Enquirer: 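Just dropping this structure here.
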Amino acid sequence: MALTVYEIWKSYPEKLGKEIDISGWVRTERTSKNFGFIELNDGTFFKNIQVVYDDTLPNFAEVTKITTGSSLTVKGKLIESPGDKQPFELKAENIEIIGLADPEFPLQKKRHTTEYLRTIAHLRPRTNLYRAVFKVRSLVAFAIHKFFTERNFVYVHTPIITGSDCEGAGEMFQVSTLDMKKPPLNEDGSIDYSKDFFGKQTNLTVSGQLNVENFCMAFRNVYTFGPTFRAERSNTQRHASEFWMIEPEMAFAELKDNMDVSEEMVKYLISYVLENAPEEMEFFNQWVDKGLLERLNFVLNSDFGRVTYTEAMEELIKSGKQFDYKPEWGIDLQTEHERYLTETVYKRPLFVTDYPKGIKAFYMRVNEDNKTVAAMDLLVPGVGEIIGGSQREERYDVLVKRIEEMGLSKEDYWWYLDLRRFGTNKHCGFGLGFERMVMYLTGVENIRDVIPFPRTPKNAEF
RNA sequence: GGGAGCUUAGCUCAGUCGGUAGAGCAACUGGCUGUUAACCAGUUUGUCGGGGGUUCGAGUCCCUCAUCUCCCGCCA
């Protein structure tokens, strides 16, 4: 009977005394003269299975030479373990060495730095930390679909390649099949994109929002969840050039609904991973962030803070704290301000709403005061901004005026403006940084450690 | 895009005042009848990130380039 390590751990009392066989990779081994132990992991579970063998094995001499990282198939009997670190173990009757790992296998039985492990991204998923991270990443992705599907949201696949060259959110990666050494030129020397693959200049998407708003007007509640690309030279632990983003959009809804759904979703994701990845979460709590479980449980049972930008500014000014950037109405909240608010003042996730319109995107709805827009950012301790969203400007004339004010061209947004001509309504949505959510849930501090093969400036190895 | 720091053995690091290279782990060899990052003994391991300079002499001081990390900006 071939079993996975997961199945054995989940039902070992009834498997005791039975003959089984398992296949997996050697995590670590310990040998003595006449016997030895192998910790075998087959990837299906966070924990290993301890294999015990002795010199009754025909290939005992070979088995004692097994190296960390090797792949094996072990046949034997599952028995109770005399050791107190594990309830059971596999007494080997046959060990087949399938792929002996070269002794240079770089993962040793000791702690490596995450910096080093990033240089061997092809092997790092075999470590406890990355196995736990990527298991949780997978569960969170599923939980997001589950959350929205349970609420009757429709999942929309918005395009990866976009022809809107002015989505307004940062530098973009250009997509082209033109010969870079000899591109076709217009008479004025500029590149003639009519000769390019799509007959126009195209880029990788920086946001699916403008597209998903169209489907929002057909299905009412929708979301996208897919890769997003930013060509910013951002060298920080929370920025990547390629990341995944969840962008829900809700029709007939206002900013408060936006916050309610965000808060409900964050709490849903927290309880989902606590329930479905207890071993991994315990591991993070012990090795990555000692306060993780306590913090997540606290957040689960408390209301998120909600303040307006204006109130937040007053709070910062009132604090008398020396900031590098002096808090003042009209400037954007600096990272130091955000950290102070969410980590020191509120000590929990915090929505900041109604920012000055000058520092926010054109599509955000202008408030009655004509000075602020119905925007919201969700700040969380440790990670910072995890969600950015807004109520959208649904009034055709106001939106056109905003596009012109921002120096954009309304022709480029004809189809977006059409939504305001044909059955417009108050609607809102937000973007959740998927990796930032995974960071928040695991306590892992660097975005490069929650992406299987991260892409950052100057790094696209693997 | 702006700033700071780092780079020494396969890995993690130490290296004092400028005087010619160290430890632990890994690997390898041997020992050990219940280990838990096993233990004990022994052996091997270096373009001190690259280039240039100062000096009798540079891992150490200076210049320069590169990588990586962190902070800021951008933002999710």
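No experiment lies behind these values; they were computed from the predicted model shown. By convention in this document, chain letters (A, B, ...) are assigned in the order of the sequence lines, proteins followed by strands, and residues within each chain are numbered from 1.
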Enquirer: Can you find an N or O donor on one side and an acceptor on the other, under 3.5 Å apart, linking the side chain of A:Q86 with the base of B:rU35?
Expert: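 Present.
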Enquirer: Let's test your reading of the model: under 3.5 Å, does the base of B:rC25 pair with the side chain of A:R111 as donor and acceptor?
Expert: no
Enquirer: Roughly how many Å apart are B:rC13 and B:rG73, using the C1' atom of each and rounding to a whole number?
Expert: 34 Å
Enquirer: Ignoring hydrogens and geometry, is there a side-chain-to-backbone donor-acceptor pair from A:S71 to A:G99 under 3.5 Å?
Expert: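 The answer is yes, because a donor-acceptor pair under 3.5 Å joins these two groups.
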Enquirer: Using the C1' atoms only, state how far B:rG10 lies from B:rG46, rounded to an integer number of Å.
Expert: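 Looking at atom C1' only, B:rG46 and B:rG10 are 12 Å apart.
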Enquirer: Taking B:rG50 as the reference, what is the distance to B:rU8 when you measure between their P atoms (whole Å, please)?
Expert: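 The answer is 10 Å between these two P atoms.
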Enquirer: Starting from the C-alpha separation in whole Å, work towards a yes-or-no answer on side chain to side chain contact (heavy atoms under 4.5 Å, CB included) for A:T67 and A:F105.
Expert: CA-CA 8 Å; A:T67 45; A:F105 185 65; over 6 Å; no
Enquirer: Closer than 4.0 Å, any side-chain N/O of A:R238 to the OP1 or OP2 of B:rC74?
Expert: no
Enquirer: Between A:F323 and A:K326, is there a cation-pi geometry (under 6.0 Å to ring centre, at most 45° from the normal)?
Expert: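 Checked: cation-pi criterion not met.
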Enquirer: Please answer whether the main-chain N or O of A:R27 pairs with a side-chain N or O of A:N41 as donor and acceptor at a distance below 3.5 Å.
Expert: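 Side chain of A:N41 to backbone of A:R27: no pair is present.
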Enquirer: Tell me if the side-chain of A:H112 makes a donor-acceptor pair with the base of B:rC11, cut-off 3.5 Å, by modelled atom types.
Expert: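 Between B:rC11 and A:H112, which were checked side chain against base, a qualifying N/O pair under 3.5 Å is absent.
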Enquirer: Check whether any side-chain nitrogen or oxygen of A:Q50 sits under 4.0 Å from OP1 or OP2 of B:rU35, and answer yes or no.
Expert: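 Answer no for this pair, as no side-chain N or O of A:Q50 is under 4.0 Å from OP1 or OP2.
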Enquirer: By nearest atom, which of the nucleotides B:rC75, B:rA26, B:rU33 is closest to the A:Q108 side chain?
Expert: B:rA26
Enquirer: OP1 or OP2 of B:rG73 less than 4.0 angstrom from a side-chain nitrogen or oxygen of A:T335, does that happen here?
Expert: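 Yes, within the criterion.
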Enquirer: Planes under 30° and centres closer than 5.5 Å, is that true for A:F434 with the base of B:rA76?
Expert: no
Enquirer: Please give the distance between the P atoms of B:rU69 and B:rC6 as a whole number of Å.
Expert: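 Going atom to atom, P in each nucleotide, I get 16 Å.
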Enquirer: Hey, is the side chain of A:R448 poking within less than 4.0 Å of OP1 or OP2 on B:rC70, counting only N and O atoms?
Expert: yes
Enquirer: Measure from the side-chain heavy atoms of A:Y116 and tell me the nearest of B:rU12, B:rG34, B:rC70.
Expert: B:rU12
Enquirer: Classify the nucleic acid contact of A:D324 as base, sugar-phosphate or nothing, counting any heavy atom under 4.0 Å across all strands shown.
Expert: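 A:D324: no heavy atom of the nucleic acid under 4.0 Å.
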Enquirer: Quote, to the nearest angstrom, the P distance that separates B:rG18 from B:rG3.
Expert: 29 Å
Enquirer: If you measure from the P atom in B:rG2 to the same atom in B:rA9, how many Å do you get, rounded?
Expert: 31 Å
Enquirer: Using the C1' atom as the reference point in each nucleotide, state the distance between B:rG52 and B:rU16 in Å, no decimals.
Expert: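 Going atom to atom, C1' in each nucleotide, I get 28 Å.
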Enquirer: B:rC68, B:rC32, B:rG24: which one has an atom nearest the side-chain heavy atoms of A:K33?
Expert: B:rC32
Enquirer: Any chance CZ of A:F153 has more than 12 other-residue heavy atoms, nucleotides or ligands included, within less than 6.0 Å?
Expert: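 Buried by this count: over 12 neighbours within 6.0 Å.
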Enquirer: Establish, with yes or no, whether the OP1 or OP2 oxygen of B:rC70 is under 4.0 angstrom from a side-chain nitrogen or oxygen of A:N446.
Expert: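 For B:rC70, OP1/OP2 do have a side-chain N/O of A:N446 under 4.0 Å.
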Enquirer: State whether A:Q334 places a side-chain N or O below 4.0 Å from either non-bridging phosphate oxygen (OP1 or OP2) of B:rG73.
Expert: yes
Enquirer: If we take the C1' atom in both B:rU20 and B:rU43, what is their distance in whole Å?
Expert: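 One C1' to the other, the span is 25 Å.
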Enquirer: Taking A:G208's backbone N and O only, do any of them form a donor-acceptor pair with A:E247's side chain (distance below 3.5 Å, no angle check)?
Expert: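 Yes, because the side chain of A:E247 sits within donor-acceptor range (under 3.5 Å) of the backbone of A:G208.
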Enquirer: Does OP1 or OP2 of B:rC74 have a side-chain N or O of A:S234 closer than 4.0 Å?
Expert: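 The answer is no; no side-chain N or O of A:S234 sits under 4.0 Å from OP1 or OP2.
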